[in-house]
Amino acid sequence: MSPARKPSIIVEGVRKTFLLRRSHSFKEAAIGWIRGKDVWSKKFQAIDDVSFVIDEGESVAILGYNGSGKSTMLKMISGVLEPDAGRVLVRGRLAGLIEVGAGFHPDLSGRENVYLNAAILGMKKHEIDARFDDIVEFSGIEPFIDQEVKHYSSGMFMRLAFSVAIHAELDILLVDEILSVGDAPFRAKCQEKIHSLAEAGKTMVIVSHDLEMVRDLCERGIVIREGRQIFDGPIEEALKKLAG
Ligand SMILES: Nc1ncnc2c1ncn2[C@@H]1O[C@H](COP(=O)(O)OP(=O)(O)OP(=O)(O)O)[C@@H](O)[C@H]1O
């Protein structure tokens, strides 16, 4: 981390609670109700007091086992979810690849969805026109571009969504596991592209269980266990902490 770098993402004392549904027998529910308890749901702390700062141009992995809270954290950075406590500040234009096909309209064609998604990412019509061919070429799904996307496979969705995001004018790219649905050649191509975006000074936050990819793409790792941040530092140490 160089002192000259400015922060891109500030996460301060963030907490997120979800309500978990519980099922009971009628008798248990009646007893709970008489005792004044909320019998149908209980609170679950998915993120518990997490704080970190990611500087401009850093590539950071958020690591943790299933259900540890990684996607919840990424969704709070992208603004899809609001924290219950603490705050998340983001500086710059952000593109999030968080759920495969999110932001795609199933009844529109691939072409129409490129325009829709690029517009959501802040691109103007003439900018999209100028980059349209590159977007489609990178995605490798040219023969299907005029087909409705409800007929796309999850890999095809991901190809198009990734391609739109990396051709947008972005400062921060959030990637959540979606690369895992791509085939090996496309994943290699994405990895190369992410490297070139990192070299161009973009900020990356990556959630993935592909530890080889994470080791290759990220210099720093934040490890989350059961909603709590247990490590923040160099990627090799983070991977050891994850395993240990
Ligand atoms: N909308 C929601 N409502 C209730 N619980 C939720 C919701 N979203 C996430 N959770 C819960 O929060 C916890 C953390 O989920 P999250 O998806 O952030 O984990 P993750 O670390 O990304 O897991 P994975 O590696 O399996 O993708 C899980 O127990 C999950 O069931």
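Just the heavy atoms: all of them, side chains too, but no hydrogens, waters or symmetry mates, feed the values below. Both counts, for ligands and for their atoms, begin at 1 and track the order of listing.
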Measuring from atom [atom1] of [X] to atom [atom2] of [Y], what distance do you get when rounded to the nearest 0.5 angstrom?
| X | Y | atom1 | atom2 | value |
| --- | --- | --- | --- | --- |
| Q45 | F18 | CD | CZ | 10.5 Å |
| L89 | I77 | CG | CD1 | 11.5 Å |
| K16 | T72 | NZ | OG1 | 8.5 Å |

Not counting sequence neighbours, list each pair that qualifies as a salt bridge (Lys or Arg N to Asp or Glu O under 4.0 Å) and has a residue in residues 150-164.
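Only D107-K150, E148-K150, R159-D183 qualify under salt bridge (Lys or Arg N to Asp or Glu O under 4.0 Å).
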
Please enumerate all residues that pass ring pair (Phe, Tyr, Trp, His ring centres under 6.0 Å) together with F186, with sequence neighbours excluded.
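If we apply the ring pair (Phe, Tyr, Trp, His ring centres under 6.0 Å) test to F186, skipping adjacent residues, the hits are F138.
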
Mind checking what makes ring pair (Phe, Tyr, Trp, His ring centres under 6.0 Å) contact with Y152, not counting sequence neighbours?
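Residues passing ring pair (Phe, Tyr, Trp, His ring centres under 6.0 Å) with Y152: none at all.
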
Shell of residues surrounding ligand 1, defined by a 4.0 angstrom heavy-atom cut-off that is strict
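Lining ligand 1 at under 4.0 Å, by heavy atoms, one finds F18, F44, A46, Y65, N66, G67, S68, G69, K70, S71, T72, H209.
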
